[in-house]
Amino acid sequence: MITQPAGYLKRIRELCTKYNVLLIADEVATGFGRTGKMFACQHEGVTPDLMAISKGLTGGYMPLAATLTTEEIYKAFLGKYEDFTTFFHGHSYTGNPLGCAVALANLEVFRREKTLMRLLPKIRALARWLEPFIELPHVGDIRQRGLMVGIELVRDKTTKEPYPAGARVGHRVATAARTKGLIIRPIGNVVVLIPPLSTSTEELRRMLELLKDSVENSAIG
Ligand SMILES: *Cc1c(COP(=O)(O)O)cnc(C)c1O
């Protein structure tokens with residue numbers, strides 16, 4: 001999990017516009033509030049030409065994905081049948097009614113519970129509770145965007161020497177966390193924390209406590 005530097009996406013947008021290249025944003029993971037705004041692109045005021053959305057669309061409870069685009073691109077596919085401008089491709093389960101119903105219900109929960117508005121204090125609390133992690137012997141870097149965190153574990157903190165892949169240290173931390181009742185998954189030597197947006201501040205505090213214990217006791221050698 002590598003975060004983009006500030007201004008990066010905005011510059012990509014400018015270059016895409018300048019050279020007439022379509023900008024596709026994959027917001028499958030980052031969409032629907034994950035990074036603190038409805039879509040991650042909004043942090044930089046960027047509008048992509050195409051956007052892939054999925055996971056958070058249904059709150060993860062049913063599989064559903066969508067591809068969004070601009071009116072301009074949409075219109076390019078309109079035309080008479082015999083012109084073959086139509087986008088004929090679909091998927092076996094396109095527009096699955098149950099998936100769509102769950103997505104609509106999830107968006108209603110966003111509205112009713114003011115999910116986005118209530119994220120900021122949680123994001124700040126999470127940042128505060130992550131601070132002591134950097135003091136831990138094998139934590140090389142902490143990357144947070146909203147309620148999305150990657151904690152990179154390294155063998156040597158000063159040289160940032162990585163663990164050999166076979167050490168499976170991320171896996172060790174995740175396994176230790178599970179015995180404490182916290183279900184997380186690593187990506188290599190990065191411990192990933194992506195709690196549900198509905199997680200309460202108190203639950204977040206408890207998660208971080210369990211996670212800190214797990215990192216302290218498993219990231220060794
Ligand atoms: C999960 C994920 C995907 C995979 O999407 P599928 O529809 O399951 O293939 C793609 N991009 C990102 C950023 C993801 O997090």
Side-chain angles (χ1 to χ4, degrees), residues 1-13 15-16 21-70 73-74 77 87-107 109-110 115-116 119 122-123 126 130 141-153 165 168 170-171 173-174 177-178 182-199 204 207 211:
M1 291 175 70
I2 310 286
T3 48
Q4 294 170 356
Y8 180 85
L9 187 64
K10 209 180 174 67
R11 187 74 185 113
I12 295 275
R13 173 71 276 180
L15 287 170
C16 285
V21 171
L22 295 177
L23 176 63
I24 306 173
D26 179 348
E27 293 241 19
V28 169
T30 52
F32 298 93
R34 180 49 60 189
T35 65
K37 290 194 185 285
M38 196 57 165
F39 297 105
C41 286
Q42 294 174 299
H43 288 285
E44 305 237 320
V46 162
T47 304
D49 299 290
L50 291 137
M51 187 154 91
I53 56 173
S54 184
K55 298 181 175 107
L57 175 56
T58 58
Y61 284 95
M62 279 292 285
L64 185 72
T67 305
L68 314 184
T69 191
T70 59
I73 292 175
Y74 173 74
F77 289 101
F87 190 74
F88 285 106
H89 300 270
H91 296 280
S92 307
Y93 295 111
T94 290
N96 178 268
L98 194 50
C100 292
V102 172
L104 288 171
N106 178 51
L107 292 175
V109 170
F110 258 79
T115 303
L116 275 183
L119 282 178
K122 298 184 200 185
I123 293 168
L126 180 59
L130 278 168
D141 194 20
I142 300 169
R143 301 185 282 270
Q144 179 197 3
R145 285 286 187 279
L147 287 189
M148 194 175 204
V149 181
I151 300 171
E152 184 159 355
L153 304 172
R168 300 203 66 196
H171 176 72
V173 171
R178 192 169 311 176
L182 175 67
I183 301 175
I184 52 166
R185 70 169 260 226
I187 300 179
N189 292 334
V190 176
V191 174
V192 174
L193 185 70
I194 307 182
L197 302 188
S198 57
T199 307
L204 267 180
M207 281 181 189
L211 187 59

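Atoms within each ligand, like the ligands themselves, are counted from 1 in listed order. As the structure is a prediction and not an experimental result, all values here were calculated from the model.
The shortest distance between side-chain heavy atoms of Arg34 and Leu147 falls below 4.5 Å. Residues Glu44 and Arg13 have side chains not in contact (no heavy-atom distance under 4.5 Å, counting atoms from C-beta outward).
For Glu27, the heavy-atom gap to ligand 1 stays at 4.0 angstrom or more.
Here the heavy atom of the protein found nearest to atom 11 (N) of ligand 1 is Asp26 OD2, 2.7 Å. The single protein non-hydrogen atom nearest to atom 5 (O) of ligand 1 is Val28 CG1, 4.1 Å, given as residue, atom name and distance. With hydrogens left out, the protein atom closest to atom 2 (C) of ligand 1 is Lys55 NZ, 2.5 Å, a heavy atom.
With hydrogens and angles ignored, the 3.5 Å screen pairs a side-chain donor or acceptor of Lys122 with a backbone N or O of Leu197. Put simply, the side chain of Asn106 gets close to the backbone of Gly56: a donor and an acceptor are under 3.5 Å apart.
Closer than 4.0 Å to atom 15 (O) of ligand 1 lies at least one heavy atom of the protein. Counting protein heavy atoms under 4.0 angstrom from atom 9 (O) of ligand 1 gives zero.
In summary, the atoms of ligand 1 found under 4.0 Å from a heavy atom of Ala29, numbered by their order in the structure, are 13 (C), 15 (O).
Taken from CG in Leu204 to CD1 in Ile123, the straight-line distance is 10.0 Å, to the nearest 0.5 Å.
Shown here is Arg185, whose CZ atom has no more than 12 heavy atoms of other residues, nucleotides or ligands within 6.0 Å.
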